[in-house]
Number of protein chains: 2
Amino acid sequence: MTTQTLTPGEAAEATGLSLDTLRYYEREGLIGPIDRTTSGRRTYSDGDVAWIETVTCMRAAGLGIDHLREFTRLLREEATVEERVRFLHERRVELLAQIEAIRNAVVVLDDKIAHFSQPG
Amino acid sequence: MTTQTLTPGEAAEATGLSLDTLRYYEREGLIGPIDRTTSGRRTYSDGDVAWIETVTCMRAAGLGIDHLREFTRLLREEATVEERVRFLHERRVELLAQIEAIRNAVVVLDDKIAHFSQPG
DNA sequence: TCTTGACCTGGAGCGCGCTCCAGGTCGGAA
DNA sequence: TTCCGACCTGGAGCGCGCTCCAGGTCAAGA
């Protein structure tokens with residue numbers, strides 16, 4: 001079969017996260033639980049890696065561990081469509097607000113740049 | 001004269017920061033130094049408050065204390081136009097990149113929302 | 001068989017950005 | 001004059017998100 005699993009090192013390589021971070025995310029319920037070999041070593045499936053990339057994308061946008069734990073729980077476990085959609089909408093609103101906050105800052109930077117760049 | 005100064009409590013009220021945070025920012029070189037009364041109490045000028053609001057705007061956009069210290073130093077102290085503009089441009093690039101990261105996350109959220117919202 | 005190194009666990013440590021606290025001073029209302 | 005509350009300082013504490021470490025197991029190549 002074409003479904004290959006990755007060793008922890010390969011998963012770290014593939015996702016750009018450290019082994020410690022992968023284990024931390026699993027402990028915190030953001031990913032997994034990850035399957036193990038009989039000797040206890042983790043084996044990351046393609047689905048695991050895809051989910052880790054989703055989590056990483058959300059982390060990069062500023063979502064906290066608590067929110068990501070709930071994100072994972074809601075999308076994995078039994079949850080109503082309403083619960084899921086409401087949560088996703090809330091995060092969406094927060095992210096758009098954060099974009100606005102950054103835009104404000106960019107405007108301020110632009111003002112300063114213009115101020116220092118002009119000959120006056 | 002119309003130039004009024006604010007007490008620490010008033011400055012906190014005006015900026016939305018705590019007294020502890022105002023003192024912390026001053027210790028870290030992000031604001032001030034703030035003038036004092038003879039008895040040692042801080043008196044915040046309108047200019048101080050305006051600068052605190054600028055700092056707060058940058059913090060809200062995610063700039064770290066280290067960057068804000070340099071921001072303050074470059075704009076306050078003797079620094080060449082090139083230094084100032086280069087620094088401001090660097091921060092601007094970072095902020096735009098952060099907006100893109102958040103946009104990516106919003107797209108992912110939208111996909112999930114669409115996935116859970118559709119009847120399939 | 002021996003060694004190497006990737007991996008395991010539980011738990012401590014760390015940098016950031018505040019936040020809180022103890023113990024003291026001072027200005028103004030009662 | 002006395003009190004109260006706003007303020008002062010130096011320093012400890014805290015929550016977050018990792019990151020590191022010690023001590024151990026296991027698979028595989030020389």
Side-chain angles (χ1 to χ4, degrees), chain A residues 4-45 48-49 52-72 91 94 98 101 105, chain B residues 4-45 48-49 52-72 91 94 98 101 105:
Chain A
Q4 54 193 352
T5 61
L6 302 185
T7 66
E10 289 165 345
E13 171 75 17
T15 62
L17 300 180
S18 70
L19 292 170
D20 275 325
T21 300
L22 286 173
R23 288 191 282 256
Y24 170 67
Y25 282 1
E26 189 179 353
R27 265 202 311 282
E28 295 297 324
L30 272 52
I31 63 177
I34 305 296
D35 283 344
R36 307 294 186 104
T37 65
T38 53
S39 67
R41 301 188 174 201
R42 291 174 178 81
T43 58
Y44 294 83
S45 71
D48 289 332
V49 171
I52 292 166
E53 283 167 353
T54 298
V55 167
T56 300
C57 173
M58 294 297 153
R59 281 291 302 128
L63 269 77
I65 299 300
D66 284 355
H67 273 154
L68 278 167
R69 183 167 23 240
E70 190 169 2
F71 187 67
T72 301
R91 300 292 77 73
E94 289 175 358
Q98 185 57 22
Chain B
Q4 54 193 353
T5 61
L6 302 184
T7 65
E10 289 165 345
E13 170 76 17
T15 61
L17 300 180
S18 70
L19 292 170
D20 275 325
T21 299
L22 286 173
R23 289 190 283 256
Y24 170 67
Y25 282 0
E26 189 179 354
R27 265 202 311 282
E28 295 296 326
L30 274 51
I31 65 177
I34 305 297
D35 283 345
R36 306 295 186 104
T37 65
T38 54
S39 66
R41 299 188 175 202
R42 291 174 178 81
T43 58
Y44 294 83
S45 71
D48 289 331
V49 170
I52 292 166
E53 284 167 352
T54 299
V55 167
T56 300
C57 173
M58 294 298 154
R59 281 290 301 127
L63 269 78
I65 299 299
D66 284 355
H67 274 154
L68 278 168
R69 183 167 24 239
E70 190 168 2
F71 186 67
T72 301
R91 301 291 76 73
E94 288 175 359
Q98 185 58 22

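A, B, ... follow the sequence lines: proteins, then strands. Residue 1 opens every chain.
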Visitor: Would you kindly give the CZ-to-P distance between B:R69 and C:dC18, to the nearest whole Å?
Guide: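 Nearest whole value for this atom pair: 12 Å.
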Visitor: Report yes if at least one side-chain N or O of A:R59 is closer than 4.0 Å to OP1 or OP2 of D:dC18; otherwise report no.
Guide: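 So the side chain of A:R59 is within the cut-off, an N or O lying under 4.0 Å from OP1 or OP2 of D:dC18.
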Visitor: Return the 5'-most residue of the pair B:T38, B:L63 with respect to DNA chain C, ranking by each residue's nearest nucleotide.
Guide: B:L63
Visitor: Let me know the distance between CG of A:L22 and P of C:dT9, rounded to the nearest Å.
Guide: 13 Å
Visitor: Over how many whole Å does the gap from A:L6 atom CG to C:dC7 atom P extend?
Guide: 11 Å
Visitor: Of the options D:dC7, D:dT19, C:dC8, whose atoms approach the side-chain atoms of A:R27 most closely?
Guide: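 Nearest to the side-chain atoms of A:R27, counting from C-beta on, is D:dT19.
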Visitor: Check this one for me: any side-chain N or O of B:T37 less than 4.0 Å away from OP1 or OP2 of C:dC26?
Guide: no
Visitor: B:H67 has an atom NE2; how far is it from atom P of C:dC16, in whole Å?
Guide: 12 Å
Visitor: Which whole-number value in Å describes the distance from B:L19 CG to D:dC8 P?
Guide: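 Spelled out: CG on B:L19 to P on D:dC8 is 7 Å.
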Visitor: Does the side chain of B:R23 get closer than 4.0 angstrom to OP1 or OP2 of D:dC8 through an N or O atom?
Guide: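 It does, given that an N or O in the side chain of B:R23 lies less than 4.0 Å from OP1 or OP2 of D:dC8.
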Visitor: What is the separation between atom CD on B:E26 and atom P on D:dC8, rounded to the nearest whole Å?
Guide: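 Spelled out: CD on B:E26 to P on D:dC8 is 9 Å.
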Visitor: Any salt bridge linking B:E94 with B:R91? Criterion: basic side-chain nitrogen under 4.0 Å from a carboxylate oxygen.
Guide: yes
Visitor: Measure from the side-chain N and O atoms of A:R69 to the backbone N and O of A:E28, and report whether any donor-acceptor pair falls under 3.5 Å.
Guide: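 Answer holds: yes.
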Visitor: Just how far is it from atom CD1 of B:I34 to atom CG of B:L22, taken to the nearest 0.5 Å?
Guide: 8.0 Å
Visitor: State whether the number of non-hydrogen atoms from other residues, nucleotides or ligands found under 6.0 Å of A:E13 atom CD is greater than 12.
Guide: no
Visitor: Between A:S39 and C:dC7, is there a contact of a side-chain N or O with OP1 or OP2 at under 4.0 Å?
Guide: no
Visitor: Is a donor-acceptor contact shorter than 3.5 angstrom present between the side chain of B:D20 and the base of C:dC18?
Guide: no
Visitor: Can you tell me if the side-chain N/O atoms of A:R42 get under 4.0 Å from OP1 or OP2 in C:dC7?
Guide: no
Visitor: Would you kindly compare B:G40 and A:G62 by the position of their nearest DNA chain D nucleotide and give the one closer to the 5′ end?
Guide: B:G40
Visitor: Does B:Y25 place a side-chain N or O at less than 4.0 Å from the phosphate oxygens OP1/OP2 of C:dG17?
Guide: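 B:Y25 to C:dG17 OP1/OP2: no side-chain N or O under 4.0 Å.
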Visitor: Find the distance B:I65:CD1 to C:dT19:C1' and express it as a whole number of Å.
Guide: 13 Å
Visitor: Do the side chain of A:T21 and the main chain of A:L17 share a donor and acceptor less than 3.5 angstrom apart?
Guide: no
Visitor: At less than 3.5 Å, do the side-chain atoms of A:R41 and the base atoms of D:dC26 form a donor-acceptor pair?
Guide: yes
Visitor: Can you tell me the distance, in whole Å, between the CG atom of B:L30 and the P atom of C:dC16?
Guide: 13 Å
Visitor: Return no unless some side-chain N or O of B:T7 is found under 4.0 Å from OP1 or OP2 of D:dC7.
Guide: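 Answer yes for this pair, as a side-chain N or O of B:T7 is under 4.0 Å from OP1 or OP2.
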